[in-house]
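These numbers come from a predicted model, not from an experiment.
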Amino acid sequence: MRILVLLLFYHCATKNAKSYQTSNPNFILIMVDDLGIGDLGCYGNKTLRTPNIDKLAKGGVKFTQHIAASPLCTPSRAAFLTGRYPVRSGMAALSNIGVFLFSASSGGLPPEEITFVKLLKQKGYSTALIGKWHLGMNCNSRDDFCHHPLNHGFDYFYGLTVTSLRDCKPGEGSVFVAGIRAYLATPLQLIGITLISLEVLHYIDLLRIPRGALRYFFLISTVLFGLLLIFFYTFPYLNCFLMRNHQIIQQPLSYKNLTQRLTEEAVQFIGRNADAPFLLFLSYLQVHTALYASKDFKGKSKHGLYGDAVEEIDWSVGKILDVLEKWSLNDKTLVYFTSDQGAHVEEVSSTGEVHGGYNGIYKGGKATNWEGGIRVPGLLHWPGVVQAGVHIDEPTSNMDIFPTVVKLAGIPLPKDRIIDGHDLMPLLQGKTLRSEHEFLFHYCNAYLNAVRWHPGNSESIWKAFFFTPNFDPEGSNGCYNSHVCYCYGRLVTHHNPPLLFDLSRDPGEKNPLTPETEHRFYEILDVIQQAVNNHTKSLHIVSNQLSWGNILWKPWLQLCCSSFFLSCYCDHESEEKASLPKA
């Protein structure tokens with residue numbers, strides 16, 4: 001029955017849709033940070049108001065099995081821009097830290113990687129990134145900008161090179177507390193107990209310790225504690241800043257009306273390029289914490305500050321659609337809407353307010369390869385070209401945007417590297433009934449975590465897990481005590497044989513199959529293992545951009561828009577706006 005419905009849809013799509021060989025279409029690629037698939041009305045949410053995003057779904061195609069190539073920001077965005085698994089570009093960590101945390105790190109998206117933006121720029125497109133980058137900035141000096149967006153094909157950049165964190169916004173706490181508690185609390189306690197014990201033993205004459213040694217230990221402890229305080233104080237100044245192209249224009253970042261400022265920049269870019277082909281990557285900082293909302297939206301939703309932020313993003317999307325209408329660009333523009341990964345379910349504020357999103361029926365969230373961490377919204381809107389009001393259940397990936405955009409722009413795909421994504425247009429236009437993704441490989445950092453198999457002769461979608469994160473507290477839906485789940489060691493459980501699910505029957509991944517409940521159990525695992533072997537053979541050793549040496553802070557790479565004596569403070573953006581004549 002499902003095949004018959006698909007055939008009828010594809011017949012209508014092929015009959016009614018225009019040819020997608022439109023000359024040099026425009027592209028608006030919208031990515032929200034940490035948005036859950038269950039946060040949107042078009043995916044079943046009944047309480048958050050997202051009419052503009054829902055309008056994209058109503059007027060286009062909704063993917064119901066759209067998969068992020070990684071459940072973390074940095075590797076997911078690398079895969080999106082390159083069309084390749086992040087492990088191929090070195091953008092997958094071997095440690096537990098899978099993203100960039102400091103602006104003065106030396107790692108990033110390698111200059112030799114080809115983004116679809118680079119290819120479109122070479123074709124004459126105007127290109128812009130507005131919002132979050134999170135793929136590095138400098139390599140060897142503070143002005144080489146080897147990983148900067150302008151070195152990867154963008155003509156214009158307005159946004160953050162790292163990401164928005166709780167530490168960036170006063171009063172919102174710190175993302176580092178869980179790590180300090182896990183790795184430093186015990187050593188600090190041992191040092192304190194040792195110092196007190198030595199002092200007591202010395203006082204009661206059971207152990208004679210030179211006073212100089214005690215003072216030395218006390219001094220070391222004081223210095224370490226002082227460095228920790230300095231770290232927390234300086235972090236927002238050194239890492240949370242707003243750039244326009246290569247120049248810092250606000251340090252530290254101000255969250256006041258930030259979504260509105262990003263929207264204004266996007267609207268202006270579209271207006272400047274209304275008569276020429278353009279590509280806009282609108283990469284919202286929301287709804288990653290620290291959360292924020294302007295006064296027009298704060299306190300207006302039914303889901304606290306998180307809901308306010310989602311509804312303000314929806315307003316922003318509406319403004320983008322309005323400007324396309326204003327410049328008569330609807331029929332010339334492909335609009336894509338997604339999230340970089342699933343909602344961060346462990347995000348809870350210091351006051352107990354939930355600051356993470358909703359992943360619907362799906363298990364887990366950000367940083368895990370359970371469906372809640374990787375199954376994301378996927379909307380594709382192009383009036384007259386993409387059939388309206390249709391949903392597609394086939395497995396697709398955010399890596400598919402690379403070949404889709406490149407081919408629509410009339411550019412041949414690179415021949416010197418593997419592109420893991422597949423062109424979506426044949427699927428959208430009815431030239432194929434099935435996704436070209438027979439297998440999808442799900443990595444937790446650089447470790448192959450799970451494999452998805454959609455056999456060509458079956459409706460089943462098998463998913464095998466080689467290891468799974470240990471949820472904490474046990475029985476919960478996340479790793480609440482560590483704030484995020486990790487990828488190896490005592491924090492995961494390995495499975496031999498692998499856990500096996502059929503997502504077509506069990507999308508919530510509640511009931512792992514066994515040889516007793518699935519007679520082809522070992523046959524399925526054998527096919528998956530052969531696919532893993534073939535995939536592994538296609539990988540090559542590359543420099544790890546997320547090694548400790550590449551992610552740690554390097555003072556000689558630190559950008560500062562004033563001086564360190566002024567805590568690098570500047571606010572050129574507010575000064576520029578204040579100098580403009582009032583309307």
Side-chain angles (χ1 to χ4, degrees), residues 10 13-14 16-31 56 60-63 65-69 77-85 88-89 113-129 152-155 273 276-282 329-338 378-388 390 392 394-440 538:
Y10 289 128
T14 306
N16 296 327
K18 298 176 185 176
S19 168
Y20 63 81
Q21 297 302 326
T22 303
S23 177
N24 296 330
N26 304 310
F27 301 97
I28 296 179
L29 311 175
I30 301 172
M31 182 176 284
L56 287 176
V61 166
K62 177 177 73 174
F63 296 114
Q65 198 177 163
H66 196 51
I67 307 301
R77 290 161 184 270
F80 168 70
L81 286 167
T82 64
R84 290 150 53 83
Y85 288 109
R88 297 194 190 277
S89 58
E113 283 297 316
I114 298 175
T115 66
F116 57 76
V117 189
K118 274 185 184 176
L119 296 177
L120 266 66
K121 181 177 179 179
Q122 292 169 5
K123 183 75 182 295
Y125 274 73
S126 295
T127 57
L129 166 60
H152 281 289
F154 291 103
D155 297 318
N273 294 280
F278 66 83
L279 179 144
L280 169 62
F281 180 21
L282 179 53
L329 295 174
N330 276 324
D331 294 345
K332 304 174 185 176
T333 305
L334 172 67
V335 179
Y336 168 71
F337 179 95
T338 193
L379 306 175
L380 208 150
H381 181 272
W382 191 356
V385 179
V386 170
Q387 185 80 353
V390 170
I392 293 178
E394 291 291 295
T396 56
S397 168
N398 65 351
M399 296 184 294
D400 296 337
I401 298 305
F402 182 106
T404 304
V405 166
V406 168
K407 288 188 176 181
L408 284 170
I411 303 169
L413 290 175
K415 301 291 187 185
D416 64 340
R417 63 198 63 208
I418 294 174
I419 301 297
D420 297 299
H422 296 290
D423 181 11
L424 291 171
M425 294 309 292
L427 183 64
L428 296 170
Q429 292 286 314
K431 295 187 176 181
T432 180
L433 298 177
R434 309 279 294 199
S435 165
E436 291 188 57
H437 289 291
E438 183 180 1
F439 296 97
L440 280 169
S538 75

- Query: At their closest point, which heavy atom of L279 faces which heavy atom of F154, and how far apart are they?
  - Reply: CD2-CE2, 4.4 Å
- Check ring pair (Phe, Tyr, Trp, His ring centres under 6.0 Å) between F63 and all other residues, then give those that pass, not counting sequence neighbours. H66
- Message: Main chain of G421, side chain of D400: is a donor-acceptor contact present, judged purely on distance under 3.5 Å?
- Response: no
- Please answer whether the main-chain N or O of V335 pairs with a side-chain N or O of W382 as donor and acceptor at a distance below 3.5 Å. no
- Note on the structure: ring pair (Phe, Tyr, Trp, His ring centres under 6.0 Å) filter on F278, not counting sequence neighbours, yields F269
- Aromatic rings Y336 and F80: how do their planes relate, parallel, tilted or perpendicular, breaks at 30° and 60°? parallel
- Task: Answer yes or no: is there a side-chain heavy-atom contact under 4.5 Å between Y85 and L440?
- Result: yes
- Message: Are I401 and L424 packed together at the side-chain level, in the sense that at least one heavy-atom pair is separated by less than 4.5 angstrom?
- Response: yes
- Message: How close do P403 and I419 get, counting heavy atoms only, and between which atoms?
- Response: CD-CG2, 4.4 Å
- Report yes if the side chains of F27 and F116 come closer than 4.5 Å at any heavy-atom pair, otherwise no. no
- Message: Given 3.5 Å as the limit, does a donor-acceptor pair link the side chain of K123 with the main chain of A409, or not?
- Response: yes
- residues 403-438 vs ring pair (Phe, Tyr, Trp, His ring centres under 6.0 Å), sequence neighbours excluded, gives H422-H437
- Query: Do the non-hydrogen side-chain atoms of H152 and V117 ever get within less than 4.5 Å of each other?
  - Reply: no
- The salt bridge (Lys or Arg N to Asp or Glu O under 4.0 Å) partners of K118 (sequence neighbours excluded) come to none
- Give a yes or no answer on whether the side chain of T432 reaches the backbone of P426 with a donor-acceptor pair at less than 3.5 Å. no
- Query: Can you check whether L119 reaches Y125 side chain to side chain, under 4.5 Å on heavy atoms?
  - Reply: no
- Who pairs with S397 by side chain to side chain donor-acceptor pair (under 3.5 Å), at least two apart in sequence or on another chain? none
- Note on the structure: Across all chains, not counting sequence neighbours, the side chain to side chain donor-acceptor pair (under 3.5 Å) partners of R84 are E113
- Query: Going through the checks in order, is the side-chain contact (heavy atoms from CB on, under 4.5 Å) test met by D420 and R88?
  - Reply: CA-CA 10 Å; D420 297 299; R88 297 194 190 277; 2.8 Å; yes
- Task: Indicate yes or no: at least one non-hydrogen side-chain atom of R77 is less than 4.5 angstrom from one of M31.
- Result: yes
- Kindly write out the residues that satisfy side chain to side chain donor-acceptor pair (under 3.5 Å) with S435, not counting sequence neighbours, or none if the list is empty. none
- For H381, which residues count as a side chain to side chain donor-acceptor pair (under 3.5 Å) partner, sequence neighbours excluded? none
